[in-house]
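Start at 1 and go down the list; that is how both ligands and their atoms are numbered. Quick note: residue numbers are just sequence positions, from 1.
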Amino acid sequence: MGMQSKVRTAATELVSTRSDCRLCHGNYLTKIWSFGPTPLANAYLTPKQIGQPEPLLPLDVYFCRTCHLVQLKDVVAPELLFANYLYVSSTSPTFVRHFEDYAHYLTERFRLNSTSLVVDIGSNDGVLLKPLQQQGIRVLGIEPAQNIANLANHDGVETVAEFFTPPLARQLANEKGKAAVITANNVFAHTDTIDEFVIAIKNLLAPGGIFVFEVQYLADLLTKNLFDIVYHEHLCYYHIHPLVSFFQRHDMEVFDVQHQPAHGGSVRVFVQRANGPHQKSKRLVDIIETEIGQGLTSIASLQAFASRIHDNRKKLLTILNQLKEQDQRIVGYGAPAKATTLMYALDIGADTVEYIVDDDAKIKQGLLMPGTHIPIVSPARLYEDKPDYCLILAWNFAEPIMSNHHRFTEQGGKFIIPVPEPRIV
Ligand SMILES: [Zn+2]
């Protein structure tokens, strides 16, 4: 009982719940689906931290009936989520390549040179700014996670370890001059106070400058069944339609968009001040038409998505329960943040999965999964221990994982792919 009440106290301090839509401030929000109480996806534990109160927080997804933005209403204190982030972008070669291409694209299209300043919000270890700096462009990173900002500064990418706010933006504009380009990748969806974020952008943006951001794309989430990208950090699940009127309200204008189906599926959105120098692209007009055709502006397509998650869960549980009845040993593969959502959504716990192997981020080996406390170990364990089944939690990388570990199948092991159609391979 003591433990229970401690957890509850912690949770109420950690979460605030908003009643209006983050983008249009409308009050008509409908709950689409609920994952139930879920731990923070990045709250990996050290063995010593077991027994300390660990909050389980609501993870409920809403649809705004006014502007159609899909979002969470419960907001976890950002200090808790981002103060000591484990994720370092440059550890993933795919990410590094993606940002090198992005840097070259920006330089060429917007004719950047040694007088241009590019500011990246949520700059991580400087993964986008490094290639820009190598081309002689002035760069500045803003990264609230002190440990990661230190890495960037150490590598020669000047980085401020603060949250991006209107006063900070004014101060930087005074000290460094205004920015020709401001970028924000995979952070626009993390921001609860989007109005303030855009005011800060305007404080720092040079006349004729552009703001470019990348976010995961709702259309891909629905068509590829990527429900495990839903976790407390990701407050919004964007499509383009609601963003157009949002920026208009701030005297800004979306003028182009690029859909990038790779990497799970994201959009790169280009914004300028109203009546800025860039023409609205045909791509922008086309993608909005496509979104309406796909039903992204209707609640029914989201409700259908929710029922696909329920079916997925039922089918997977049937398979796992049968294996457990036959005393088969099951382990997991891959411990990305989204594995926590996956495991809570599909009801996979420590009674099913003995341990999780993960080679992608060695930083996590030796830690325990949030909530379930399943240990994360090196993939070598698959070969020493020879479990019967390996459930691929990083399921969107199932093909490369299985080909890298064909020896596991050769020694008699089998893989289970949990989503979208649970199956044994
Ligand atoms: Zn709205």
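Taking 2.8 Å as the criterion, Cys21 counts as a coordinating residue of the Zn ion (ligand 1), since one of its N, O or S atoms falls below it. At a cut-off of 2.8 Å, Cys67 is counted among the residues with an N, O or S atom near the Zn ion (ligand 1).
Using cut-offs of 30° and 60° for the angle between ring planes, the Phe197 and Phe164 rings count as perpendicular.
The SG atom of Cys24, the Zn ion (ligand 1) and the SG atom of Cys64 define an angle of 100° (nearest 10 degrees).
The cationic group of Arg268 does not satisfy the cation-pi geometry with Phe213, failing either the under 6.0 Å distance to the six-membered ring centre or the 45° limit from the ring axis.
Aromatic rings from Phe35 and Tyr344 are positioned such that their centres are separated by 6.0 Å or more.
In this structure, a donor-acceptor pair under 3.5 Å is absent between the side chains of Gln49 and His373.
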